[in-house]
Amino acid sequence: MKSLIDILDLSVEEIDSLIKTSEDSIGNPGDYADACRRKKLATLFFEPSTRTRLSFEAAMYELGGNVLSVAGGGTSSAAKGESVADTAKVVSCYADIIAIRHPKEGAAYVAAQNATVPVINAGDGGHCHPTQTLADLLTIKREKGGFSGLTVGVCGDLKFGRTVHSLINALSRYDGMKFVLISPEELKVPSYVKNETLKKKGIPYEQTTDMSDALPELDILYMTRIQKERFFNEEDYLRLKDTYILTPDKLRNARHDLCIMHPLPRVNEISVAVDSDPRACYFRQALNGKYIRMALILMLLERAVKI
Ligand code: NCD
């Protein structure tokens with residue numbers, strides 16, 4: 001694997017190794033401070049981002065490397081009509097590794113086909129978001145100790161939420177998983193995720209529109225934002241945007257060791273009053289994003305040297 005486009009590009013063993021490196025870097029940051037000295041990461045972000053771009057950049061700085069950044073396509077030659085393929089070829093001349101976020105599904109794949117350095121998909125449209133999933137997996141490992149035998153509720157915009165698609169694919173490789181898919185009718189998980197992953201692997205899942213009903217049986221509740229930018233009309237967004245709002249009251253029937261996750265940004269789907277509940281893991285999840293991206297950059301750069 002030269003690049004990371006889809007979470008399934010990584011084997012379970014490779015994910016274990018990334019988690020191990022992350023945990024080691026948390027305990028021994030000094031051992032990593034020069035690991036990427038003189039290396040450059042280019043972050044090409046053609047869609048808004050706070051956590052993903054900044055955690056990639058913070059990760060590279062923690063490794064002693066440098067960052068070249070395009071934030072917002074409007075400031076790069078993409079605004080002049082340059083193709084993703086050409087951009088990838090050119091940026092390969094300046095950087096040792098590229099992280100790209102783009103509104104079009106498949107853009108990171110095209111970049112990887114044309115770049116001569118490793119490419120990391122930092123989110124391609126409503127398709128997938130493998131590094132968020134790595135952050136999610138590190139969080140689950142740190143909060144729950146491992147991945148087997150968990151009942152995972154994913155709630156909100158399961159249609160356009162790319163983090164959900166990658167997370168279901170990743171967790172489906174572990175034993176004893178069960179999913180509860182909580183969404184409005186219009187925002188159900190795409191059939192390719194259901195058919196290619198859940199049905200094909202015989203993984204038990206339920207679909208429901210009722211979050212409160214599902215809550216008591218969950219080990220993990222993964223909340224998501226309704227993805228406004230992917231809607232075709234504002235009316236639908238306005239109608240659906242507040243379908244699920246997690247409040248302390250609703251959490252009364254949840255397990256005491258529930259892990260509440262959210263890739264963030266949150267809009268209204270988790271009330272701020274939930275933040276002080278020890279079960280709220282989402283800010284720790286955001287921090288884990290930096291550690292796992294350090295491990296990923298390191299792994300891909302080490303491989304690139306060997307190729
Ligand atoms: C997510 C994304 O961009 O898909 N954010 C993130 O990377 N942490 C989720 C979202 O925007 O709702």
Side-chain angles (χ1 to χ4, degrees), residues 4-7 22 41 43-59 69-73 98-109 119-140 152-170 181-184 187 189-190 193 220-231 236-237 240-246 259-270 275 280-294 296-297:
L4 176 66
I5 305 307
D6 188 292
I7 192 67
S22 305
L41 163 75
T43 52
L44 309 179
F45 276 61
F46 301 100
E47 268 194 341
S49 170
T50 299
R51 267 150 298 275
T52 306
R53 185 169 68 84
L54 295 188
S55 65
F56 262 117
E57 296 182 358
S69 189
V70 168
I98 296 171
I100 181 169
R101 167 171 290 190
H102 199 282
K104 283 216 178 90
E105 288 79 8
Y109 175 77
V119 171
I120 302 171
N121 182 5
D124 60 332
H127 183 217
C128 62
H129 193 348
T131 64
Q132 179 60 49
T133 298
L134 290 174
D136 301 341
L137 293 176
L138 177 58
T139 304
I140 295 170
V152 180
V154 282
C155 177
D157 188 344
L158 310 188
K159 179 180 180 188
F160 297 118
R162 56 193 172 193
T163 64
V164 167
H165 309 156
S166 296
L167 183 66
I168 291 175
N169 277 334
L181 309 173
I182 311 158
S183 74
L187 299 178
V189 164
V193 176
I220 292 170
L221 173 62
Y222 193 95
M223 295 296 291
T224 62
R225 172 179 71 88
I226 305 292
Q227 306 280 298
K228 181 180 184 189
E229 66 275 32
R230 315 226 186 271
F231 275 67
D236 285 346
Y237 170 70
L240 293 168
K241 75 181 175 67
D242 289 331
T243 312
Y244 302 107
I245 302 177
L246 187 66
C259 173
I260 306 165
M261 300 175 68
H262 192 311
L264 303 178
R266 139 181 73 185
V267 182
N268 205 23
E269 54 281 351
I270 301 181
D275 296 359
C281 299
Y282 29 93
F283 292 113
R284 299 196 286 278
Q285 190 181 350
L287 175 62
N288 287 331
K290 181 183 78 169
Y291 297 123
I292 201 80
R293 289 181 175 103
M294 285 170 67
L296 179 66
I297 292 169

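One-based numbering, in listed order, for ligands and for the atoms of each. Only a predicted model underlies this, so the values are computations on that prediction, with no experimental measurement involved.
Heavy-atom separations between E47 and ligand 1 are all 4.0 Å or longer. At a 4.0 Å cut-off, not a single heavy atom of G123 sits close enough to ligand 1 to count as contact.
Ranking protein heavy atoms by distance to atom 4 (O) of ligand 1, first place goes to R162 NE, 2.7 Å. Of the protein's non-hydrogen atoms, the one nearest atom 11 (O) of ligand 1 is R225 NH2, 2.8 Å. Of all protein heavy atoms, the one closest to atom 6 (C) of ligand 1 is L264 O, 3.4 Å.
Atom numbering of ligand 1 starts at 1 in the shown order; those under 4.0 Å from a heavy atom of P263 are 8 (N), 9 (C). Shown in contact with Q227 at under 4.0 Å from a heavy atom are these atoms of ligand 1, numbered in order with element: 10 (C), 12 (O).
Figure legend: cation-pi geometry between R101 and F45 absent, as NZ or CZ is not positioned both under 6.0 Å from the six-membered ring centre and within 45° of its axis.
When only modelled atom types and interatomic distance are considered, Q285 and H262 share no side-chain donor-acceptor pair under 3.5 Å. Between the side chains of Y109 and N121, no donor-acceptor pair is found at a separation under 3.5 Å.
For the pair L138/L134, no side-chain contact is recorded, criterion being any heavy-atom separation below 4.5 Å from C-beta on. The closest side-chain heavy-atom distance from I226 to L187 is below 4.5 Å.
K241 has no carboxylate O lying under 4.0 Å from a charged side-chain N of D236, or vice versa, which leaves the two without a salt bridge. Between E47 and R230 there is a salt bridge, since at least one side-chain N of the basic residue sits less than 4.0 Å from a carboxylate O of the acidic one.
Considering both main-chain and side-chain atoms, P265 never comes within under 3.5 Å of ligand 1 through any nitrogen or oxygen pair. By the 3.5 Å distance cut-off applied to N or O atoms, E229 is not counted among the residues near ligand 1.
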